[in-house]
Amino acid sequence: ATATIGLTGLAVMGRNLARNIARNGHTIAVHNRTAAKMTALVEEFSDEAREGGGELVGSESLEDFVASIQQPRTILVMVKAGEPTDAVIDELVPLLDEGDIVVDAGNAHFTDTLRRQQALEEKGLHFVGMGVSGGEEGALNGPSIMVGGSEHAYENLGPVMESIAAVVDGTPCSTHVGPDGAGHFVKMVHNGIEYADMQLIAESFDLLRTVGGLEPAEIADVFDEWNRGDLESFLIEMTADVLRHTDAETGKPFVDVVLDQAEQKGTGRWTVQSALDLGVPITGIAEATFARSLSGHAEQRAAAREMFSTTSEEHTVEVDRDVFVDQVRAALYASKVVAYAQGFDQIAAGAEEHGWDIDLGSIATIWRGGCIIRAQFLDRIKEAYAEEPDLTTLLTTPYFADAVKDGVDAWRDVVATAAQAGVPIPAFASSLSYFDGLRRGRLPAALIQGLRDNFGAHTYQRVDRDGSFHTTWAGDRTEQEA
Ligand code: NDP
């Protein structure tokens with residue numbers, strides 16, 4: 001046995017992660033169900049690995065692979081999420097010894113991670129659910145890594161992960177998030193926030209083009225400019241890149257030749273399902289997920305387009321172009337603050353529900369680099385949690401409160417303008433409503449309580465004294481203490 005760590009599953013993510021680990025000085029055993037991928041990796045990148053002080057040790061069989069790793073073994077599984085992960089774990093387990101650590105680095109649902117952890121623990125093995133973000137490029141050059149599982153497992157796995165993760169201000173973007181499913185839970189919310197971020201960017205683009213009258217290449221310039229301010233982030237930078245791209249075949253802007261139906265692999269849906277269970281209003285992420293679903297309903301869209309053909313044209317709304325661009329920027333920033341505040345609320349609620357002690361500041365810290373939602377303003381979130389670890393909401397911390405206060409008039413103008421123009425902006429509008437919902441002195445929830453008491457005797461509480469009450473709506477309308 002020569003390798004200090006092993007990795008099975010050498011598709012795009014696993015292959016790049018293995019290269020990253022090897023060239024950071026580790027000897028890594030590599031394996032893939034289809035052996036050709038393993039052979040190709042070893043052939044192409046053994047020199048690169050050696051230059052970094054590491055080595056790739058390839059095996060065709062799972063038995064040889066396991067035998068080539070030093071005990072106690074740490075084995076990363078980077079295969080398709082769901083059944084394939086279970087299949088690989090089932091094959092691996094009989095070959096392992098007590099104390100070995102199995103790490104699922106794929107995009108597992110955190111409840112699967114809880115189940116797998118329990119099953120492996122009963123066999124004397126450690127199981128770690130680990131979220132890896134950054135896509136193909138991140139896996140190779142430095143991802144953001146959200147590690148679950150036990151402290152003991154992190155003691156073995158952590159140093160390797162910290163050596164391959166992205167680094168921001170000298171701090172590696174890898175941390176032990178918490179026990180069992182905590183790592184995959186946080187990765188799930190990360191992906192949910194990614195959905196909201198992209199939807200907000202897409203709505204901004206639609207508004208700038210439809211209402212502002214800018215061409216995609218001009219909008220690319222706007223995004224470049226935004227990337228030099230508070231909005232500086234990987235996705236804003238990438239938006240400029242995509243918008244500037246032209247289709248080689250037609251010469252048209254790339255965005256105009258792509259079918260406008262957004263796909264999803266499920267992590268946004270999981271985030272929303274979990275939020276419903278936890279009772280956390282993550283409206284931005286939910287609207288972003290539904291917006292993708294809506295885009296995919298081609299038949300309904302065609303039917304509605306035909307039925308409302310006379311009213312389906314966007315209404316012309318006169319705006320001052322430069323003013324409008326700046327208003328959209330403010331609306332985007334305020335909505336983004338809401339989306340992240342909601343995501344962090346969900347992590348706090350998940351931690352509470354599952355008994356995980358998650359340091360929210362450390363999550364903001366490891367999301368500053370490597371991952372898809374990496375953004376300048378995560379520094380501000382990190383600082384906010386450093387100042388007040390038990391924050392009620394990020395929205396009211398001084399920096400974000402100022403950002404929202406400064407932007408709120410523009411935010412309202414943008415939402416109103418979009419409604420008049422007939423441009424759908426579900427994420428912008430729901431984020432503004434969320435803000436107003438939190439901010440209002442009184443909500444019409446009082447009326448809902450009245451209705452519930454009227455039809456179902458569900459009782460209500462009063463503003464002026466303690467207790468639960470019921471009004472005899474069908475009788476003499478006296479109030480009784482319930
Ligand atoms: P895929 O999700 O496409 O999975 C392909 C890999 O799974 C191959 O190595 C394949 O082996 C293996 N596999 C599938 N079924 C089985 C099985 N029954 N038994 C053994 N091996 C099997 O690969 P990706 O690299 O895209 O992703 C890997 C994991 O990382 C996934 O969980 C994904 O969700 C997650 N992830 C992906 C990101 C991305 O940007 N792609 C980003 C972050 C996480 P074979 O070659 O033999 O078919």
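The figures that follow rest on heavy atoms only: side chains count, while hydrogens, waters and symmetry mates do not. Start at 1 and go down the list; that is how both ligands and their atoms are numbered.
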Chi angles and distances behind the salt bridge (Lys or Arg N to Asp or Glu O under 4.0 Å) call for Arg301, Asp260: CA-CA 11 Å; Arg301 288 176 58 192; Asp260 57 348; 2.6 Å; yes
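- In terms of protein heavy atoms, atom 15 (N) of ligand 1 is closest to Pro84 CB, 3.3 Å.
- Atoms of ligand 1 found under 4.0 Å from any heavy atom of Gly9, numbered from 1 in the order shown, are 9 (O).
- Residue Val88 has at least one heavy-atom neighbour below 4.0 Å for each of these atoms of ligand 1: 19 (N), 20 (C), 21 (N).
- Within ligand 1, counting atoms from 1 as listed, the ones closer than 4.0 Å to a heavy atom of Leu10 are 9 (O).
- Applying the 6.0 Å contact sphere to CD of Gln70 captures more than 12 heavy atoms from other residues, nucleotides or ligands.
- For atom 29 (C) of ligand 1, the nearest non-hydrogen atom of the protein is Val79 O, 3.5 Å.
- The protein non-hydrogen atom at the shortest distance from atom 16 (C) of ligand 1 is Arg33 NH1, 3.3 Å.
- Regarding atom 44 (C) of ligand 1, its nearest protein heavy-atom neighbour is Asn107 ND2, 3.6 Å.
- Here Asn32 has side-chain heavy atoms under 4.0 Å from ligand 1, and that is the only part of it that gets that close.
- To the nearest 0.5 Å, atoms CZ (Phe223) and CG (Leu243) are separated by 6.5 Å.
- The closest heavy-atom contact to atom 4 (O) of ligand 1, among the options Lys80, Lys37, Glu137, comes from Lys80.
- Across all non-hydrogen atoms, the minimal contact from Ile89 to Arg116 is CD1-CD, 3.7 Å.
- Counting only N and O atoms by type, the side chains of Asp277 and Gln273 include no donor and acceptor under 3.5 Å apart.
- Note that Arg380 lies outside the cation-pi zone of Phe400, set by a 6.0 Å cut-off to the ring centre and a 45° limit from the axis.
- Summary of contacts: the protein heavy atom closest to atom 26 (O) of ligand 1 is Val12 CG2, 3.5 Å.
- At the top of the distance list for atom 25 (O) of ligand 1, counting protein heavy atoms only, stands Met13 N, 2.9 Å.
- Residue-level proximity to ligand 1 for Val132 is carried by the backbone, the only part with a heavy atom below 4.0 angstrom.
- Atom-to-atom distance recorded for Ile358:CD1 and Glu352:CD is 11.5 Å, nearest 0.5 angstrom.
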Derivation and outcome, salt bridge (Lys or Arg N to Asp or Glu O under 4.0 Å), residues Lys336 and Asp230: CA-CA 11 Å; Lys336 189 177 158 100; Asp230 286 340; over 6 Å; no
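- By the 30° and 60° cut-offs, the orientation of the rings of Phe377 relative to Tyr340 is perpendicular.
- Distances from atom 30 (O) of ligand 1 to the heavy atoms of Arg15, Met78, His190 put Met78 nearest.
- By heavy-atom distance, the residue among Ala11, Gly135, Ala105, Gly131 lying nearest atom 40 (O) of ligand 1 is Gly135.
- Atom 45 (P) of ligand 1 has its nearest heavy-atom neighbour, among Thr85, Leu62, Ile89, Thr34, in Thr34.
- Ring centroid separation for the pair His245 and Phe254 comes in under the 6.0 Å cut-off.
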